[in-house]
Q: 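Pasting a structure here, questions to come.
The figures here come from the full heavy-atom set of this structure, side chains too, leaving out hydrogens, waters and symmetry mates. Being a predicted model, the structure only gives us computed values, none of them experimental.
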Amino acid sequence: MVNSLQKFESSQDWLTRWDNNGIQTLIQVEDNTNVDQINKQLMNYVKNRTNGEVTFSQNFLYPMERWVTHNRFDNSGNEIEGSLKNIRLFSIIAWIVLLIACINFMNLATARSEKGQKKSVCAKLLVQVVNR
């Protein structure tokens with residue numbers, strides 16, 4: 001069943017208010033667009049639209065390629081590390097695990113080679129004893 005947006009909007013009260021974040025708006029701009037100038041106009045758009053009633057909402061354009069790694073902002077709209085912090089943490093843990101695995105591999109390889117050397121020495125001694 002397909003509804004028109006006007007019919008849906010008339011039945012949903014929350015769509016007509018400016019104090020919700022129920023709908024995200026995605027915008028595609030041209031490569032030569034001055035994003036900072038647009039962000040200055042958008043920053044207090046909701047506040048101006050509601051005559052100062054809604055003060056907690058700040059709007060700005062943000063590139064999609066940074067959504068995953070830089071997904072947190074402070075109260076003034078500046079980026080905070082977000083998921084990038086977790087990526088760094090897990091990368092460090094992965095390198096430590098890899099280092100421990102390499103050390104363990106070298107330890108096992110050394111132990112096996114020593115075991116083989118002991119067998120070889122015993123065999124040589126046995127051959128010398130038999131040949132006398």
Q: Within the 4.5 Å heavy-atom criterion, are Lys85 and Leu89 side-chain neighbours or not?
A: no
Q: How close do Tyr45 and Asn59 get, counting heavy atoms only, and between which atoms?
A: CB-ND2, 4.3 Å
Q: In this structure, are over 12 heavy atoms from other groups packed under 6.0 Å from Asn32 atom CG?
A: yes
Q: Kindly work out whether a path of hydrophobic side-chain contacts (I/L/V/M/F/W/Y, heavy atoms less than 4.5 Å apart) joins Tyr62 to Leu26.
A: yes
Q: Does any N or O in the side chain of Thr33 come within less than 3.5 Å of the main-chain N or O of Val29, such that one atom is a donor and the other an acceptor?
A: no
Q: Asn107 side chain to Ile103 main-chain N or O, any donor-acceptor pair under 3.5 Å?
A: no
Q: To the closest 0.5 Å, what do you measure between CG (Asn48) and CE (Met43)?
A: 12.0 Å
Q: For residues Ile100 and Ile92: do they belong to one hydrophobic cluster (side chain heavy atoms under 4.5 Å, members Ile, Leu, Val, Met, Phe, Trp, Tyr)?
A: yes
Q: At what distance, to the nearest 0.5 angstrom, does CG of Leu42 lie from CD of Gln37?
A: 11.0 Å
Q: Identify the heavy atoms of Leu61 and Val35 that sit nearest to each other, and give their distance.
A: CB-CG1, 4.0 Å
Q: Can you hop from Trp95 to Val97 via hydrophobic side chains spaced under 4.5 Å?
A: no
Q: Could you grab the distance from atom NZ of Lys40 to atom CG of Asn34, nearest 0.5 Å is fine?
A: 8.0 Å
Q: Rounded to the nearest 0.5 Å, how far apart are CD of Gln28 and CE of Met64?
A: 9.5 Å
